[in-house]
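These notes concern the structure reproduced below.
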Amino acid sequence: MKYYLGLDVGGTNLVAGVVDDTCKIIAKESIPTNAGRSVEEITSDMAEVSKKAVRKAGLQLTDISSWGIGMPSYVNPTTNLLVHANNFGWKNVPVYEHLEKHIPLLPVYIENDANCAAYGEVLAGAASNYTDAVMLTLGTGVGGGIIINKKIYAGHDHMGAELGHTKLVYNGIRCTCGQKGCLESYCSSTALIRRAREAVEATPSSLIMEMCGHDKSRINGEIIFECAKKGDTLAGGLIDEYIGYLAAGISSFITIFRPEVVILGGGMAHAGDFLLESLNERLYTCTFAAEEIGIPQVIRAKLGNDAGLIGAAFLEKSITNGYKK
Ligand SMILES: [Zn+2]
């Protein structure tokens with residue numbers, strides 16, 4: 001049996017896990033990230049929580065094949081510098097050198113966390129029967145990952161696959177990345193909530209207002225979907241518009257990559273069959289050559305937060321440019 005060490009570096013928690021070669025997590029440990037701290041402090045904790053997970057599994061570091069880390073960032077494989085991590089305020093950080101001080105012997109692989117989540121779902125989750133998949137994570141932002149032939153496709157210098165920042169609307173709404181009209185500005189939960197808050201101004205009689213106790217700041221994605229299911233016209237219109245934007249974005253990814261399946265993760269994917277059925281129907285009508293060659297189905301992610309951990313643990317099987325002393 002081979003064992004792999006994975007670490008999911010989130011803005012809130014550092015979650016480490018030991019995964020066996022059947023993709024089963026055999027031990028997991030977690031500590032708060034405290035993101036405002038120095039690179040030295042956070043990388044030291046990244047190593048500590050990882051070592052704790054190994055001990056919890058009853059193993060030693062010498063039993064582990066490699067250490068894979070998913071982060072909301074990128075490491076340039078030419079310079080070995082972590083380019084930019086917004087949550088942490090890091091820019092061009094020699095992250096491998098910091099990590100190596102604490103765990104010197106293991107090969108280390110770092111990849112973008114959304115890519116790790118997509119990889120995890122294809123290895124062990126919703127898309128484990130497929131080799132080619134596109135995944136979108138719909139939360140406060142929109143993350144994306146592309147898996148081709150059971151490997152992460154991350155583009156040149158591992159800085160591609162930013163599906164949330166593909167252009168959906170020319171000169172559209174300003175995105176968190178500084179550009180205008182990105183898919184994220186229309187398909188994140190933040191975008192749907194913003195649209196709902198604008199819309200209830202003009203239609204305060206909507207069930208949405210009743211459900212949020214007449215406090216617009218309490219509107220969330222769940223309330224909007226719930227109202228739409230109950231037949232509220234305003235909520236129905238908002239969801240219809242939301243699905244329209246999402247289908248437009250996904251239809252482009254289908255046309256470019258022709259995956260076998262599209263995986264939806266993140267909070268919005270929990271809207272359930274209502275979202276998936278409407279989305280699959282809409283995709284059929286708006287995707288290139290759907291009548292002639294069909295379209296891949298959109299399915300819901302299965303592993304939740306474990307997807308990123310499992311994907312990170314197996315990075316050595318997907319990327320070859322990890323850091324080896
Ligand atoms: Zn953007």
Side-chain angles (χ1 to χ4, degrees), residues 1-75 77 80-83 85 87-90 93-117 119-120 123-125 152 158 303-325:
M1 181 73 81
K2 271 181 107 177
Y3 299 100
Y4 303 84
L5 179 55
L7 175 67
D8 185 21
V9 177
T12 313
N13 290 307
L14 304 173
V15 184
V18 176
V19 185
D20 70 19
D21 52 14
T22 68
C23 294
K24 189 171 162 223
I25 298 174
I26 57 168
K28 197 151 86 165
E29 282 285 352
S30 164
I31 54 170
T33 308
N34 295 327
R37 297 179 300 153
S38 68
V39 176
E40 285 80 9
E41 288 170 308
I42 293 180
T43 48
S44 167
D45 274 1
M46 286 162 68
E48 278 315 307
V49 73
S50 301
K51 287 182 199 167
K52 262 170 92 176
V54 174
R55 283 196 295 272
K56 195 173 184 181
L59 298 170
Q60 300 186 337
L61 283 173
T62 47
D63 299 316
I64 303 292
S65 179
S66 61
W67 187 21
I69 301 172
M71 291 192 68
S73 183
Y74 298 94
V75 172
N80 269 337
L81 296 176
L82 185 131
V83 179
N87 290 349
F88 300 85
W90 295 359
V93 170
V95 64
Y96 285 122
E97 288 172 26
H98 284 286
L99 294 169
E100 201 213 3
K101 283 186 225 155
H102 304 285
I103 299 186
L105 295 172
L106 281 181
V108 188
Y109 300 84
I110 299 181
E111 183 55 84
N112 175 264
D113 52 0
N115 292 347
C116 290
Y119 189 38
L123 290 175
I152 294 169
H158 281 243
L303 298 175
N305 292 335
D306 285 345
L309 187 65
I310 293 172
F314 284 95
L315 281 176
E316 77 160 34
K317 289 174 182 276
S318 179
I319 61 176
T320 50
N321 56 356
Y323 186 80
K324 290 180 198 182
K325 191 76 175 165

**OP:** Any chance you could measure Y119, atom OH, to E111, atom CD, to the nearest 0.5 Å?
**Re:** 10.5 Å
Original post:
Shortest non-hydrogen contact from A313 to S66?
Top reply: O-OG, 4.2 Å
Original post:
Of the non-hydrogen atoms in V108 and Y96, which two are nearest, and what is the gap between them?
Top reply: O-CE2, 3.6 Å
Original post:
Of all heavy-atom pairs between L303 and I310, which one has the smallest distance, and what is that distance?
Top reply: CD1-CD1, 4.1 Å
Original post:
Where do A27 and A53 come nearest, in terms of heavy atoms and distance?
Top reply: CB-O, 3.5 Å
For residues 2-15, dump all side-chain donor-acceptor pairs below 3.5 Å to protein atoms at least two apart in sequence or in another chain.
none

**OP:** Show your working on side-chain contact (heavy atoms from CB on, under 4.5 Å) between L315 and I152 and close with a plain yes or no.
**Re:** CA-CA 9 Å; L315 281 176; I152 294 169; 3.7 Å; yes
Original post:
Could you go step by step and tell me if F314 and C23 meet the side-chain contact (heavy atoms from CB on, under 4.5 Å) rule?
Top reply: CA-CA 9 Å; F314 284 95; C23 294; 3.9 Å; yes
Subject >> Selection residues 14-30 - residue pairs positive for side-chain hydrogen bond (donor to acceptor under 3.5 Å, both in side chains), sequence neighbours left out >> reply: D20-T22, K28-D306
**OP:** To the nearest 0.5 angstrom, please state how far the CD1 atom of I26 sits from the CE atom of M1.
**Re:** 8.0 Å
Original post:
Roughly how far, to the nearest 0.5 Å, is CG of N115 from NE2 of H158?
Top reply: 8.5 Å
**OP:** Please test L99 against I110 for side-chain contact (heavy atoms from CB on, under 4.5 Å), starting from the C-alpha separation and ending with a verdict.
**Re:** CA-CA 11 Å; L99 294 169; I110 299 181; 4.0 Å; yes
Original post:
Which is it for N34 and E41 under the side-chain contact (heavy atoms from CB on, under 4.5 Å) test, yes or no, and what are the steps along the way?
Top reply: CA-CA 10 Å; N34 295 327; E41 288 170 308; over 6 Å; no
Subject >> Partners meeting side chain to side chain contact (heavy atoms under 4.5 Å, CB included) with N305 (sequence neighbours left out) >> reply: none
**OP:** Could you tell me whether the side chain of V95 reaches within less than 4.5 Å of the side chain of I69, counting heavy atoms only?
**Re:** no
Original post:
Atom NE2 of H98 and atom CG of L82: how far apart are they, to the nearest 0.5 Å?
Top reply: 10.0 Å
Subject >> Within 6.0 angstrom of I31 CD1, more than 12 heavy atoms from elsewhere >> reply: yes
**OP:** Examine the side chains of S73 and W90 and answer whether a donor and an acceptor come within less than 3.5 Å of each other.
**Re:** no
**OP:** Drop me the distance from K52's NZ to D45's CG, to the nearest 0.5 angstrom.
**Re:** 9.5 Å
**OP:** Over all heavy atoms of both residues, which pair between L106 and W67 is shortest? Give the atoms and the distance, please.
**Re:** CD1-CB, 4.0 Å
Subject >> Nearest-0.5 Å distance, CD of residue Q60 to CZ of residue R55 >> reply: 11.0 Å
Subject >> NZ/K317: more than 12 non-hydrogen atoms of other groups inside 6.0 Å >> reply: no
**OP:** Using modelled atom types only, decide if a donor and an acceptor are shared between the side chain of S44 and the backbone of E40 within a distance under 3.5 Å.
**Re:** no
**OP:** Kindly give the heavy-atom pair with the smallest separation between R37 and I42, and that separation in Å.
**Re:** O-CD1, 3.8 Å
Original post:
Do E48 and H102 meet the criterion of a side-chain donor-acceptor pair at a distance under 3.5 Å?
Top reply: no
